[in-house]
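Residue numbers start from 1 in every chain, and the chains themselves are labelled A, B, ... in the order their sequence lines are given, proteins ahead of strands. The figures here come from the full heavy-atom set of this structure, side chains too, leaving out hydrogens, waters and symmetry mates. Predicted model, so just to flag it, every value in this text is computed and none were measured.
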Protein chains: 2
Amino acid sequence: MSVRRDSARNRALLIEAAREVFAERGFGATLDDIARHAGLGTGTAYRHFPNKQALAAEVLAGATEQIAIDARESLAIDDPWLALVTFFERNAERQARDRGLYEALTGRGDDETQARIWPSIIETVTALFTRAQRAGVVRADAAPQDIAAIFAFLGPAFEMSRTVAPDLWRRYLALMLDGLRAVDRPALPAPPPPVSELASIMKAGKR
Amino acid sequence: MSVRRDSARNRALLIEAAREVFAERGFGATLDDIARHAGLGTGTAYRHFPNKQALAAEVLAGATEQIAIDARESLAIDDPWLALVTFFERNAERQARDRGLYEALTGRGDDETQARIWPSIIETVTALFTRAQRAGVVRADAAPQDIAAIFAFLGPAFEMSRTVAPDLWRRYLALMLDGLRAVDRPALPAPPPPVSELASIMKAGKR
DNA sequence: CTCGACCGGAGATAGCGTCTCCGTTTAGCG
DNA sequence: CGCTAAACGGAGACGCTATCTCCGGTCGAG
């Protein structure tokens, strides 16, 4: 006997519902919520997925890789500043739209999925950053780690975007990038965090 | 019979312990934690204070007023930019040291204590801001509401300061202020949030 | 038509924070 | 010194929320 048609359909319904619910409310949502949103019972959800993490992994599979791709595509842009800004805007846009994605990236990077992709992201982003800095369009006392920090700061900005005005994060991303660009200002008053603390930096944005 | 001496001493011990514990771990701490930190039993804590909120109110009483005072003192500084920066640094320093204070200011402003003081803070900070803007040291497309937003963004920075390096918040506050100062850059891509949303803006920093 | 896989959702289970109850201790008056 | 009312301590009752299971009923597939 092959897979029953209703079973396959319900699995797809669950993944789709999870995509929507996680994006809207983050991983705080319960599997029960997702099941109801899919028009199914709790038991059905737990038969298809052993727990919430498994479903989340399924949903996030593509999204996290996309970030590495965005980084590489940005690196292909000739203008160093535009390239950096493009990377920020693309990713911020994704995260603003998908609260679950933001939480996955900041909350905990200890998933093996994450651990596999991060090194690649870090490498590309560092290239993006140092190129801009060498070109003199990023202040000399900035460091690549500051990019991770800025993403952590955007968390509250996304929250505001949700409750006040959808595009608000663009305003504050631009403000922070102008700060990152300020080449004619006194040196920043504290050294950048060590690269070894990258995970802690991202986690500071945890919700 | 007057108040028993041990009772009075224990009350003081509890307030002191609460000050320390709330500052370190925020309002997530339980009254049981505080009692143990004071070397007392849970029951004792609940006899002196009906609940956690009451204790918190006691502890925060002075701290919130201090912020209004800081704002007024900053306004007395002649240089408009220095005045604004001084306000930011003083308050940020307090909040970096006291996680409970940060949570009280961002988490929920609906306490009557808060509601009483906020108008005064808002008025002073707006004066501080518009003076700097008129002097041309703050970008023309910024708004006083952006100050609240910046405080919300500092939440993750405080978190990093706790786990990575104590002074890290200074780096990122400086970065954001440089963004606020950038007068020669293209206009910010989204309008400031309406003043009526101030509470939502602050709450975006909630932990 | 039959049977086994699947569904649904009530509720068992677990973890956590809040607060109470009451046997024990102790300050301080007489 | 005693005596008594007040205060203490901390185990555990309680309420809440989220995760996950169980089983009678349903339905797709051969």
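Aromatic ring centroids of B/F151 and B/Y102 lie 6.0 Å or more apart.
Counting heavy atoms from C-beta outward, A/R99 and A/R25 have side chains that stay 4.5 Å or more apart. In this structure, A/W169 and A/M160 have side chains that are not in contact, with every pair of non-hydrogen atoms separated by 4.5 Å or more. The closest side-chain heavy-atom distance from A/W118 to A/M202 is below 4.5 Å.
Per the geometry, CG belonging to B/N10 stands 13 Å off C1' belonging to C/dT25, to the nearest Å. Atom pair B/R11:CZ and D/dC8:C1' shows a separation of 16 Å (rounding to whole Å applied). Atom-to-atom, CZ of B/R9 to C1' of C/dG28 comes out at 15 Å; the value is rounded to the nearest Å. Here the P atom of nucleotide C/dT20 and the CZ atom of B/F49 are 15 Å apart, to the nearest Å. With rounding to whole Å, B/D32 atom CG is found 11 Å from C/dC16 atom C1'. Here C/dC16 presents its P atom at 18 Å from CG of B/L31, a figure rounded to the nearest Å. In this structure, CZ of B/R5 is placed 9 Å from C1' of C/dG28, rounded to the nearest angstrom.
Side-chain N/O atoms of B/Y172 and A/D146 include a donor and acceptor closer than 3.5 Å. B/S7 and B/N10 share no side-chain donor-acceptor pair at under 3.5 Å.
Between A/T42 and C/dG9 there is no side-chain N or O to OP1 or OP2 distance below 4.0 Å. Under 4.0 angstrom from either OP1 or OP2 of C/dC19 there lies at least one side-chain N or O belonging to B/Y46. B/H48 has no side-chain polar atom (N or O) that falls below the 4.0 Å cut-off from OP1 or OP2 of D/dA7. A close approach under 4.0 Å does not occur between any side-chain nitrogen or oxygen of B/T44 and OP1 or OP2 of D/dA7. The shortest distance between the side-chain N/O atoms of A/K52 and the OP1/OP2 oxygens of D/dT19 is below 4.0 Å.
Each of B/R47 and A/D6 lies near DNA chain C, and the nucleotide nearest A/D6 is the one positioned closer to the 5' end.
At a cut-off of 3.5 angstrom, counting only N and O atoms as typed in the model, there is a donor on one side and an acceptor on the other between the side-chain of A/R4 and the base of C/dA5.
Interface residues of residues 33-41 of chain A facing DNA chain D, ordered by number: none; criterion, heavy-atom separation under 4.0 Å.
No donor-acceptor pair closer than 3.5 Å links the side chain of A/D70 to the backbone N or O of A/R90.
Side chain of B/S7, nearest nucleotide from C/dC7, D/dA29, D/dC8: D/dC8.
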